[in-house]
Amino acid sequence: MQVVTPKQMNRIEERSEKLGVTKKQLMENAGKILADRIASYTANESGSAPEDTSVVFLAGSGNNGGDCFAAASILVYKGFKVTVVSLVKPPATELAKEMAEKLPERVALVKGYRSENVETALEAAELDYMTIHDKDINDLQKKKELTPVESIMLSEKKRMADVRRAVSEADILVDGVFGTGFRGQLDKDIMSIFAISTGAYKIAVDVPSGGNSAVGTVSAGTFKADETITFGYMKVGLAQYPLRKFCGDITVADIGIPARALDILDGERKYLRTDRAQLAGFPRSRERDSHKGNFGTVLVIAGSSSMRGAAAFAVMGALRSGAGMVRLASVEKCIDTVAVLAPEATFIQLDEDDYGFMLFDDQNKAFTDAVEKASAIVIGCGMGVTNDTAAILRYVLENANCPVVIDADGINCIASDIDILVNKKARAIITPHVGEMARLLSCENSMITDNRLVAAEKYAEKFGITVILKGAGTVIADSKYTAVNHTGNPGMSRGGSGDILAGIIGSAVAQGYSCFDASCAAVYIHGLAGDAAADKLGQKGMLPRDIVDCIPDSFSILRKKQTDLAEQAQ
């Protein structure tokens, strides 16, 4: 699925105008889609008649507010009780003004913002009207004469009472306050309105107000929607956490933008949301005359005496996801364990130090031959960070003829010596979680959490690699493309899950997919297997081994989804 940044969306709309579909048409289409969704919810889900349904629009001054005005004009003629609460200031854009002027008289209007004069007066008096108690208001109302400040306080309390009444009595509450251009923090007025207790069904227009749709961060007090309708194309930040938690169900609505408008983005980084259409053809079909050589050889260099499970999960991930052959290079104790769990694999024993970690020996012919002949190499899972394991990684990156998937301790080796990555010759895929990415960039975890897309993209560009930044809404980036994933669940947040993913990536690469495509497919399948495991066992009780067992289920689910998609296209 095509995904865009907010800036790209603005340029697409500009291009649409030049192609004959004006911004006014786009806004009217958005208003109609929003109105139709509200009518559909009322008819099919809430079961209420329009005349018994109060729809309250919280409108901003920009084009998001214009979308709300357009929808309100439609709904009032369908019999709904419609209220528009302007929360920021009067409509500011030409389109928003035009839509506001068309509002029928039957639409109730509530002024939810305070004027600049009132703002100035409150600041000058060093007063916060929100701290004034109802008793004080009652006393003011009894006075025959009020001071200018008292008059302001009384009118401000009335304004907030009107807003509170509209929100609390709403059956459907629509947030169109701030759009995709929002950055920073909500003010306390808006936060207090969003916090009003209501049983309304909440719909966000394009993005929940308070959310940054470019990076996925949120302000304190962000509107928490049951459903978000985003227009044209999905915005990249909606797939990132924490913003994703505030969106509810996400619908991408077609508002009539010409397909050719996307041409304006030619030559720029392309954004995608991994989906079943993108994965058509994965995993590779197995013809009747196929043999193991058709599906590649994955060499896994992983494990140590104290971390044998990591190697086992990587091997089983590669085997379950279709690799023709999987070989493990590791120390004796690790091989003994994995041989029991995955007898389908073959093994290369490496010498170990006194602590059970692999020793580097470039004279080990079985190992060097395996590096040379592999279709994909997975390295790092549970191997530890020592001078020898770093030397093994360096040797692999300088001598492999195939892509190399670097996970866990392999990433930590790079963090200790970036020249390992600088001097690489092989194509590389790295799979850091937030903490590992922060170590690579020598920064705090919060810097990565707040800039996941940028961190992955810039690192991929700098070193010419594919970066898989793991976590909810996993980001996959290379020098030209960025993808965000939506499969998976919190039950996968256990040690071992990442090792399985590394094995699946290695398998996809070994089967002939490019580094980026293999990474997207593996992340999607890994999450889908996790979702299947959660369905069977629950998120609290599932284990990484259950993810391995559910990889075949994920293939079945994917095939069904692809079949459904093909039937819908006919």
Side-chain angles (χ1 to χ4, degrees), residues 279 282-284 292 295-303 307-330 334-335 337-347 374-383 402-411 429-433 466 468 470 474 476 485 487-488 491-511 513 515 518-533 542-558:
L279 299 179
F282 184 86
R284 285 183 59 188
K292 61 186 178 182
F295 302 97
T297 299
V298 179
L299 172 63
V300 178
I301 306 168
M307 290 182 280
R308 308 175 205 180
F313 281 132
V315 167
M316 290 190 290
L319 285 168
R320 278 290 191 193
S321 52
M325 294 180 285
V326 179
R327 307 186 75 180
L328 171 65
S330 192
C334 186
I335 288 174
T337 298
V338 177
V340 174
L341 296 171
E344 298 89 348
T346 59
F347 305 96
S375 309
I377 296 174
V378 176
I379 184 169
C381 311
M383 75 176 187
C402 63
V404 179
V405 182
I406 308 168
D407 185 50
D409 285 330
I411 295 170
I429 301 169
I430 64 171
T431 62
H433 54 57
T466 301
I468 299 174
K470 296 184 291 193
T474 291
I476 305 106
N485 186 62
T487 59
M492 301 173 72
S493 303
R494 290 177 169 86
S497 292
D499 305 313
I500 298 167
L501 174 60
I504 299 173
I505 300 166
S507 173
V509 170
Q511 293 177 62
Y513 293 90
C515 289
S519 298
C520 291
V523 170
Y524 186 93
I525 288 295
H526 180 248
L528 205 57
D531 290 339
M542 61 182 283
L543 292 172
R545 71 185 70 167
D546 302 314
I547 299 174
V548 173
D549 292 340
C550 285
I551 291 173
D553 295 314
S554 72
F555 291 156
S556 297
I557 294 168
L558 181 58

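Values below: every heavy atom of this structure, side chains too, minus hydrogens, waters and symmetry copies.
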Any donor and acceptor pair, going by atom type alone, linking the side chain of [X] with main-chain N or O of [Y] inside 3.5 Å?
X      : Y      : answer
Thr487 : Tyr524 : yes
Thr431 : Ile468 : no
Ser519 : Cys515 : yes
Ser497 : Met492 : yes

Criterion side chain to side chain contact (heavy atoms under 4.5 Å, CB included) against Cys402, the qualifying member of Val298, Ile377, Val509:
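Only one of Val298, Ile377, Val509 forms a side chain to side chain contact (heavy atoms under 4.5 Å, CB included) with Cys402, namely Ile377.
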Testing the basics here: between [X] and [Y], what is the closest heavy-atom pair and its distance to 0.1 Å?
X      : Y      : result
Ile335 : Ser330 : CD1-O, 3.5 Å
Val378 : Gly506 : CG2-CA, 3.8 Å
Ala345 : Leu319 : N-CD1, 4.3 Å
Gly380 : Ala408 : O-CB, 3.8 Å
Ile504 : Gly317 : CG1-O, 3.7 Å
Val315 : Ala342 : CG1-CB, 4.0 Å

Roughly how far, to the nearest 0.5 Å, is the [atom2] atom of [Y] from the [atom1] atom of [X]?
X      : Y      : atom1 : atom2 : result
His526 : Ile551 : NE2   : CD1   : 7.5 Å
Ile379 : Asp409 : CD1   : CG    : 10.5 Å
Ser556 : Leu528 : OG    : CG    : 10.0 Å
Cys550 : Arg320 : SG    : CZ    : 9.5 Å
Asp531 : Ile547 : CG    : CD1   : 9.5 Å
Asp549 : Met316 : CG    : CE    : 8.0 Å

Tell me, do Met325 and Thr346 make a side-chain contact under 4.5 Å, heavy atoms counted?
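No, every pair of side-chain atoms sits at 4.5 Å or beyond.
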Any heavy-atom pair between the side chains of Phe313 and Pro544 that's under 4.5 Å?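 Yes; the side chains approach each other to less than 4.5 Å.
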Check: Is there a side-chain contact (heavy atoms from CB on, under 4.5 Å) between Arg494 and Leu543 once you walk through the steps?
Finding: CA-CA 7 Å; Arg494 290 177 169 86; Leu543 292 172; 4.2 Å; yes
Pair Leu341, Arg545 - check side-chain contact (heavy atoms from CB on, under 4.5 Å), show working. CA-CA 11 Å; Leu341 296 171; Arg545 71 185 70 167; over 6 Å; no
Are Ser321 and Phe555 close enough, and set up right, to give a side-chain contact (heavy atoms from CB on, under 4.5 Å), and what steps lead you there?
-> CA-CA 9 Å; Ser321 52; Phe555 291 156; 4.2 Å; yes
Note to self: side-chain contact (heavy atoms from CB on, under 4.5 Å) for Ile411 and His433? Distances and angles first, verdict last.
What the structure shows: CA-CA 10 Å; Ile411 295 170; His433 54 57; over 6 Å; no
